[in-house]
Student: 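Got a structure for you, questions after.
These numbers come from a predicted model, not from an experiment. Residues: numbered from 1 along the sequence shown.
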Amino acid sequence: MSAPYALRLAPWLVCALAGCVDAGGDTGATGGPASTSSSTGTSDGGPTTGTQTGAPTTSTGEPTTSSGSTAAATTGTDSDSTSTGEDTGGFVDPVESPWGIASSHSSSQILDVWAAPIAATGVTWLRGIDNSDPEARLDTAEANGWQVAGILYYSKQSPGTFPVDDLPGWTNFITTLLGKTLGRVYHWEVWNEPPNFTENKSPAAYATIVQAAYDAVKAVDPAVQVGLAAQSNHVNWLEQTILAGAAGHFDYVTVHPYEILDLVDDGWEAEYMSIVPTLRKMLAARDPDNAAAPVWFTEIGRPVTDEVTPERQANTLLKAYTMAIAQGVTRVHWFEGRDGDSGPFGLLTGDDEPRLSYTAMTTLVARLGAIPKYRGWLVPDGQYHGFVFATDEGPTMVAWARPGLTVDLTFPAPVQIVDPRTGEASEGTVHALTGAPMIFVGVAEELLAEAIANRSQPFPWGGDFTDATSIGYSAADGDSGLHPLGEAELVTIDGVPARDIGSRPAQSFTVDPNFMSYDTAPIRIEAVLRRNGAQSAGFNLKYEGVDGYKSTGAWYTIPEGEDWVTKTWDIDDPQFVGKWGYNFAFDSDSTQHSQYSIRSVTVTKL
């Protein structure tokens, strides 16, 4: 993935940002990216080292000691949204539901058609209402037991833009809208996916309207919360906005990490688990008073396509919610409830038929509870990912195997084995776990204790690289803290294993988030390369810096000949936050220039 997904401007947004002050503007979904990941099958694998021993725990599923520290790990755990609630066994559990749904504008206009079946899943939050008729939409939402989070949009221009030249109009729009929703909506995020859907891409301009929105909202009702927003996982944008004047003018932060979620199919769970910890680092550095601000995923999802089956969509949903809750996301809004004008993203089709994702959502909420009590994670020998929760039925684990593996889980006593895509449950002591998430209810207390102990540790991705000075990838040995995007096209050249890049216009890489995430420090990237034949080959090195993705500024042409060559780049301003999941790329622009192979790539802290 060498370039961002195309952003699709929903037709309603053109009107909403073109002077229709009371028009829609409820979600402005990008439509979400279509996946570029390929399906992975399963193969026989050895038994996991995570076999549980010991008797099941008590029916409450609570740990018997207070050994479960709530300290945040470098990645994969966070105390966000656990600042209030009952202190149980060393944990302070949240008091609000994380279960949310997002709506496209077309779907929000017929909310009465699909609200009841979606509410039956256990979802309790709706993101996005039709601002042209908010009272009617709120009547429907409240009748279905939903709380609502809204979005503030206003522009007199077409195409729309941040209203920095019309702050009185912006303030009046907000005051009027809040007057219609007073006492009914307590959360409003400013804009949808900035800097999307605006001609003015300046963080300073966004900071200006955030300041004005914050003041206008608090003047109406100080209890109403204001959200700072960004496209994808654009931590750089949020940082620049805060530095431009938004500090102290927001109550929560929203991101839409579609692209990172898509990479979970490739075994990139650790990248997804690093979203909140990376945001925490930035907030602590740039707006310390807001360092603990709640983080929301106000849109995340995956459409059903020729490549993404309904089962695969359901699996993605299960992983998205489980790992979001595990890393401390306050609220997760799946895009969307019913298919709308952005495509087949819904839990329901446009004909109101439930997809497997509908059953998966229903089962997950029922099994983890209205307010899930997360306890910790398991990644035994990198074989599978397991996330353990305390429930009324006992310790409950949501788990799935790494791509391409089948892992034999053996339990010392019978557990409930729940298929969330069907809701069917059976009892057993053995299960062949694949990449399709399963729910195990009543797992042993020793497993719970292991998960609790892991919670305060760095979330691993083939090892713990927290204190490493260098990480690398080699075609011979695979990933060691450095992860190439996409399936390997391995070849052998003169007896040497190599990764052939010729079929793709770019090769992207992500560093282990524990090795480097957000912090800016000089690094050296070293690549061992070889041209494939006489055709010219080369690329630009592009990387995430303090201003977002940028180029080193010079095209590198791989020398002619059959010798392996070593090329190094020294970079003094990296800021790896994984906006689209990857941190740097060898970008050849087209396959015409990507006719080369990689033997190894190393990243070293200088």
Student: How many angstroms lie between CZ in Arg127 and CD1 in Ile129, if you round to the nearest 0.5 Å?
Tutor: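 With rounding to 0.5 Å, CZ (Arg127) is 11.5 Å from CD1 (Ile129).
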Student: Starting at CG of Asp266, measure out to CD of Glu271 and round the result to the nearest 0.5 Å.
Tutor: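 CD of Glu271 is found 12.0 Å from CG of Asp266.
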Student: Counting only N and O atoms by type, is there a donor-acceptor contact under 3.5 Å from the side chain of Arg137 to the main-chain atoms of Asp112?
Tutor: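 Side chain of Arg137 to backbone of Asp112, a donor-acceptor pair under 3.5 Å: no, none is there.
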Student: Which residue in the set Leu152, Val164, Thr208 passes side-chain contact (heavy atoms from CB on, under 4.5 Å) when paired with Trp170?
Tutor: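 Single side-chain contact (heavy atoms from CB on, under 4.5 Å) partner of Trp170 among Leu152, Val164, Thr208: Leu152.
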Student: Taking atom OG1 of Thr316 and atom CZ of Arg302, what is their separation to the nearest 0.5 Å?
Tutor: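 Taking OG1 in Thr316 and CZ in Arg302, the distance rounds to 4.0 Å.
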Student: Using a strict 4.0 Å threshold on nitrogen-to-oxygen distance, state whether Asp251 and Lys218 make a salt bridge.
Tutor: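 Salt bridge between Asp251 and Lys218, a charged N being under 4.0 Å from a carboxylate O: yes.
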Student: Under the salt bridge (Lys or Arg N to Asp or Glu O under 4.0 Å) test, which residues partner Asp287, sequence neighbours left out?
Tutor: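 Residues passing salt bridge (Lys or Arg N to Asp or Glu O under 4.0 Å) with Asp287: none at all.
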Student: Please list all pairs passing the salt bridge (charged side-chain N to carboxylate O under 4.0 Å, His left out) test where one or both residues lie in residues 324-334, with sequence neighbours left out.
Tutor: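 Output for this query lists Glu96-Arg331.
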Student: Using salt bridge (charged side-chain N to carboxylate O under 4.0 Å, His left out), reason through Arg375 and Asp93 one step at a time and then give a plain yes or no.
Tutor: CA-CA 10 Å; Arg375 291 297 178 257; Asp93 290 314; 3.0 Å; yes
Student: How far does CD1 of Ile242 sit from CG of Asn290, to the nearest 0.5 angstrom?
Tutor: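 That separation rounds to 7.5 Å.
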Student: Quick one: does Phe389's side chain get under 4.5 Å of Ile325's, heavy atoms only?
Tutor: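 Yes, at least one pair of side-chain atoms sits under 4.5 Å.
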Student: Please test Met438 against Met397 for side chain to side chain contact (heavy atoms under 4.5 Å, CB included), starting from the C-alpha separation and ending with a verdict.
Tutor: CA-CA 8 Å; Met438 297 291 286; Met397 179 174 71; over 6 Å; no
Student: Going by ring pair (Phe, Tyr, Trp, His ring centres under 6.0 Å), name the residues that satisfy it together with Trp268, two or more places apart in sequence or in a different chain.
Tutor: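 With sequence neighbours excluded, Trp268 shows a ring pair (Phe, Tyr, Trp, His ring centres under 6.0 Å) to Trp461, given in chain and number order.
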Student: Taking Val276's backbone N and O only, do any of them form a donor-acceptor pair with Gln327's side chain (distance below 3.5 Å, no angle check)?
Tutor: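 Here the side-chain-to-backbone pair exists.
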Student: Quick one: do the Ser517 and Ser274 side chains pair a donor with an acceptor below 3.5 Å?
Tutor: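 Judged by distance alone, the side chains do not pair up.
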Student: For Ser107 and Ser103, indicate whether the former's side chain and the latter's backbone hold a donor-acceptor pair under 3.5 Å.
Tutor: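 No, Ser107 side chain to Ser103 backbone: no donor-acceptor pair under 3.5 Å.
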Student: So, does Trp146 use its side chain to make a donor-acceptor pair with the main chain of Val123 at under 3.5 Å?
Tutor: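 Looks like yes, one N/O pair under 3.5 Å.
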Student: So among Leu177, Val185, Val148, Asp139, which one has a side-chain contact (heavy atoms from CB on, under 4.5 Å) with Pro134?
Tutor: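 Among the candidates, only Leu177 passes.
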Student: Residues two or more places apart in sequence or in another chain: which of them pass ring pair (Phe, Tyr, Trp, His ring centres under 6.0 Å) with Phe250?
Tutor: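 Per chain and number, Phe250 pairs via ring pair (Phe, Tyr, Trp, His ring centres under 6.0 Å) with no residue.
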Student: List the atom of Ala229, the atom of Pro194, and the distance in Å for their closest heavy-atom pair.
Tutor: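 Minimum heavy-atom separation between Ala229 and Pro194: O-CG, 3.2 Å.
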Student: Before we go on, tell me: are the rings of Phe387 and Tyr321 under 6.0 Å apart, centre to centre?
Tutor: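 No, too far apart.
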Student: Is Asp265 paired with Arg312 through a side-chain N to carboxylate O contact shorter than 4.0 Å?
Tutor: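 Yes, charged N to carboxylate O under 4.0 Å.
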Student: Looking only at the side chains, is there a donor atom on one of Thr391 and Thr396 sitting less than 3.5 Å from an acceptor on the other?
Tutor: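 Their side chains do contain a donor-acceptor pair, which is all the 3.5 Å distance test asks for.
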Student: Looking only at the aromatic ring of each residue, does the gap between the centers of Trp125 and Trp296 stay below 6.0 angstrom?
Tutor: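 For Trp296 and Trp125, the ring centres are under 6.0 Å apart.
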Student: Take Phe459 and Tyr272 through the test ring pair (Phe, Tyr, Trp, His ring centres under 6.0 Å) and record every step on the way to the result.
Tutor: CA-CA 11 Å; Phe459 193 84; Tyr272 186 85; over 10 Å; no
Student: Please state whether the rings of Tyr258 and Phe335 are parallel, tilted or perpendicular, taking 30° and 60° as the class boundaries.
Tutor: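 Ring orientation of Tyr258 relative to Phe335: perpendicular.
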Student: If you measure only the distance, is there a donor-acceptor pair under 3.5 Å linking the side chains of Ser342 and Ser104?
Tutor: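 There is no such pair (donor and acceptor under 3.5 Å, judged by atom type) between the side chains of Ser342 and Ser104.
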Student: If we count only N and O atoms by modelled type, under 3.5 Å, do the side chains of Trp400 and Glu269 hold a donor and an acceptor together?
Tutor: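 Their side chains do contain a donor-acceptor pair, which is all the 3.5 Å distance test asks for.
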Student: Applying side chain to side chain donor-acceptor pair (under 3.5 Å), run through Ser132 and Asp130 and close with a yes or a no.
Tutor: CA-CA 5 Å; Ser132 67; Asp130 178 6; 2.6 Å; yes
Student: About how many Å separate OG1 of Thr241 and CG of Leu228, when rounded to the nearest 0.5 Å?
Tutor: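 Separation between the atoms: 6.0 Å.
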Student: Using the benzene-type ring in the case of Trp, are the ring centres of Tyr252 and His187 under 6.0 Å apart?
Tutor: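 Yes - the distance between ring centres of Tyr252 and His187 falls below the 6.0 Å cut-off.
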Student: Show me the donor-acceptor pairs within less than 3.5 Å that the side chains of residues 353-361 make with the rest of the protein, sequence neighbours left out.
Tutor:
unit_1 : atom_1 : unit_2 : atom_2 : d
Arg355 : NH1    : Asp339 : OD1    : 2.9
Arg355 : NH1    : Asp339 : OD2    : 3.4
Arg355 : NH1    : Gly346 : O      : 2.8
Arg355 : NH2    : Asp339 : OD2    : 2.9
Ser357 : OG     : Gln313 : OE1    : 2.9
Tyr358 : OH     : Pro117 : O      : 2.6

Student: Tyr206: which residues meet the ring pair (Phe, Tyr, Trp, His ring centres under 6.0 Å) condition with it, sequence neighbours left out?
Tutor: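 For Tyr206 the ring pair (Phe, Tyr, Trp, His ring centres under 6.0 Å) partners, ignoring immediate neighbours, are Phe162, Trp237.
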Student: Would you call Arg184 and Glu135 a salt bridge, using N to O less than 4.0 angstrom?
Tutor: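 No.
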Student: Classify the side-chain pair Gln575/Glu239 by whether it contains a donor and acceptor separated by less than 3.5 Å.
Tutor: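 Yes, Glu239 and Gln575 have a side-chain donor paired with an acceptor closer than 3.5 Å.
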Student: Tell me whether the centres of the aromatic rings in Trp191 and Phe197 are closer together than 6.0 Å.
Tutor: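 No, the ring of Trp191 stays outside the 6.0 Å limit from the ring of Phe197, centre to centre.
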Student: Answer yes or no: is there an ion pair linking Lys579 with Glu259, defined by an N-O contact shorter than 4.0 Å?
Tutor: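 A salt bridge is absent here (no side-chain N lies under 4.0 Å from a carboxylate O).
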Student: With a 4.5 Å cut-off on side-chain heavy atoms, are Thr510 and Leu485 touching?
Tutor: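 No, every pair of side-chain atoms sits at 4.5 Å or beyond.
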Student: Using a 4.5 Å cut-off on heavy atoms from C-beta on, say whether the side chain of Val255 contacts that of Leu238.
Tutor: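 Yes - at least one pair of side-chain heavy atoms lies under 4.5 Å apart.
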Student: Quick one: NE2 on His333 to CD on Glu299, what's the gap to the nearest 0.5 Å?
Tutor: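 Result: 10.0 Å between the selected atoms.
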